[in-house]
S.K.: 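Supplied in structure tokens, the structure appears directly below.
Computed from a predicted structure; not experimentally measured. Letters A, B, ... are given to chains in the order of the sequence lines, protein chains preceding strands, and every chain is numbered from 1.
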2 protein chains.
Amino acid sequence: MTGAARKPSKRDQTVSDGLATAIHEHRLTPGMKLNEDEVGEIFGVSRTIVRSALQSLSHERLVVIEPNRGAFVAQPSIREAREVFEARALLEPRTAHSAAIRTTPADMDLLKRHIDEEHAAIDAGETGRALRLSGSFHIEIARIADQATIATFIGQLVARSSLVIAMYWRRRNALCESHAHHALLDALAAHEADRAEELMTSHLVDLVSLLELTEPPDGPTSLKEALRTE
Amino acid sequence: MTGAARKPSKRDQTVSDGLATAIHEHRLTPGMKLNEDEVGEIFGVSRTIVRSALQSLSHERLVVIEPNRGAFVAQPSIREAREVFEARALLEPRTAHSAAIRTTPADMDLLKRHIDEEHAAIDAGETGRALRLSGSFHIEIARIADQATIATFIGQLVARSSLVIAMYWRRRNALCESHAHHALLDALAAHEADRAEELMTSHLVDLVSLLELTEPPDGPTSLKEALRTE
DNA sequence: TCGCTGATGATTGTATACAATTATTGCCAG
DNA sequence: CTGGCAATAATTGTATACAATCATCAGCGA
């Protein structure tokens, strides 16, 4: 349930969802090459479908397509990383505000279950899954705010954040942010919109502070990529 | 120069730019069917390219792809229309703020020339072109703000606004908004960030006020569309 | 006349074949 | 042994062919 959007005829969606999930869970890491034949064989579809899915992901900036060279998992620059979180800082707090006003008991149940899953994933050591769920939490809030357009943007930003985290999050001391999510949950439950807004703001600030956006990113995945002059 | 983004191998871009421009200029109106063979023949490319371009436009919500039925110019609902301008209200004022701080003389020249072109188009009665240029003005400001990520979002919103205007702008008494753009220009030139922010806010409010978002939209383009039960 | 059903035609969905481009490897001159 | 170059292989870009789905309409029966 990443994003309820257009419908490029189902099979494209399967492939791009599969790839997107793998990226969210850091199983596909920045810079990796996505060979069309290979991907096609994995999902049991032809290159036509794969190309369609890759273009879709490229539009969301999860993948970069270099003409005649192929598709690669995106490697957001430090600047891009900053921009992504600046955009989130612009969109998410107000969205949390709106969400706090509209949160229904059903929404609360969903969010609670979400956090539980997140904890379970952390306890089970499935950091990849935990990370993806952590992002979904933000998307869920955007959905509750009932602003589909903004929710779409936030969805894209969360997805890109996953790449940023993969590249710039050096200190991997477990996702300590679950506390922040809990606090947000409380504010939403109490319909305290202003508090929710503030909590979201500081939560995002915290996230950025956990990144190391002053140094160049990790070395590339493969030697080839390392020695490319681009 | 609508958007400097990914590069799906040049030819897709040509087609999708062509279609997008036509939509911006209201030569393609909401609900129109975009037949793949037809479009392909017009641009001299195969359906492969056309489909790629259509998917791209569908991702930006300018086009809606209905599985097994084809691609149509999007018909934003009243709700979508509101959301688009709410999102703009969230993004553009702060962007104008940033832009005011960073505007260079070169930027000013560009914006001035832009406004001149806009006026020329209005005087020449080319309302379509005027409308497109009016949108580009906003995009230009986002570019000046030097936030590529947010600029991309604004670009999409401006594009969708064009559809909203096509559907909901009943009173077509010339684009009187050029005054607002002039005022913005002045604020940018003077680096008065706060004023630029306020001007942008009120400009967007004005724009929305010119729309009629209380009634259902215009009748469909063709009888077929009219009688569809969707 | 109205409504249903089945055949026909048009359009989209997918796979595959071929062309163009890029990457790799082996070879030879220096 | 090194560096450049040419041949080969691998991969992407595009067009086309075929399959699947949907729209249209004629024909039939009520």
S.K.: Just by distance, with hydrogens left out, do B:Q147 and B:S98 show a side-chain donor and acceptor under 3.5 Å apart?
M.R.: no

S.K.: Check salt bridge (Lys or Arg N to Asp or Glu O under 4.0 Å) between A:R79 and all other residues, then give those that pass, not counting sequence neighbours.
M.R.: A:E83, B:D146

S.K.: Using the C1' atoms of the five pairs at each end, what is the angle between the end axes of the helix from C:dT1-D:dA30 to C:dG30-D:dC1, to 10°?
M.R.: 0°

S.K.: Apply salt bridge (Lys or Arg N to Asp or Glu O under 4.0 Å) to A:E117 and list each qualifying residue two or more places apart in sequence or on a separate chain.
M.R.: A:R129

S.K.: Rounding to a whole Å, what distance do you find between A:I65:CD1 and D:dT12:P?
M.R.: 10 Å

S.K.: Tabulate atom names and distances for all N/O pairs under 3.5 angstrom spanning the protein and nucleotides 15-19 of chain C.
M.R.:
unit_1	atom_1	unit_2	atom_2	d
C:dA15	OP2	A:S46	N	3.1
C:dA15	OP2	A:S46	OG	2.9
C:dA15	N7	A:T48	OG1	2.7

S.K.: B:Q13 has an atom CD; how far is it from atom C1' of D:dG13, in whole Å?
M.R.: 15 Å

S.K.: So, using salt bridge (Lys or Arg N to Asp or Glu O under 4.0 Å) as the criterion, who are the partners of B:E80 when residues are at least two apart?
M.R.: B:R160

S.K.: Please pick, from D:dT11, C:dT12, D:dT14, the nucleotide with the shortest atom-to-atom distance to any side-chain atom of A:R51.
M.R.: D:dT14

S.K.: Can you tell me the distance, in whole Å, between the CG atom of A:D37 and the P atom of D:dA9?
M.R.: 17 Å

S.K.: We want to know whether B:D107 and B:T104 form a side-chain donor-acceptor pair, criterion being a heavy-atom distance below 3.5 angstrom.
M.R.: yes

S.K.: Report the residues that fulfil ring-ring contact (aromatic ring centres under 6.0 Å, His included) with A:F137, sequence neighbours left out, ordered by chain and then residue number.
M.R.: A:H181

S.K.: Specify the residue among A:N68 and B:N68 whose closest nucleotide of DNA chain C lies further upstream toward the 5′ end.
M.R.: B:N68

S.K.: A:S162 pairs by side chain to side chain donor-acceptor pair (under 3.5 Å) with which of A:E25, A:R132, A:H24, A:H26?
M.R.: A:H26

S.K.: Please tell me which of the listed nucleotides, C:dA23, D:dC22, D:dT12, lies nearest to the side chain of A:N35?
M.R.: D:dT12

S.K.: Roughly, in whole Å, what's the span from CD in A:E66 to C1' in D:dT12?
M.R.: 13 Å

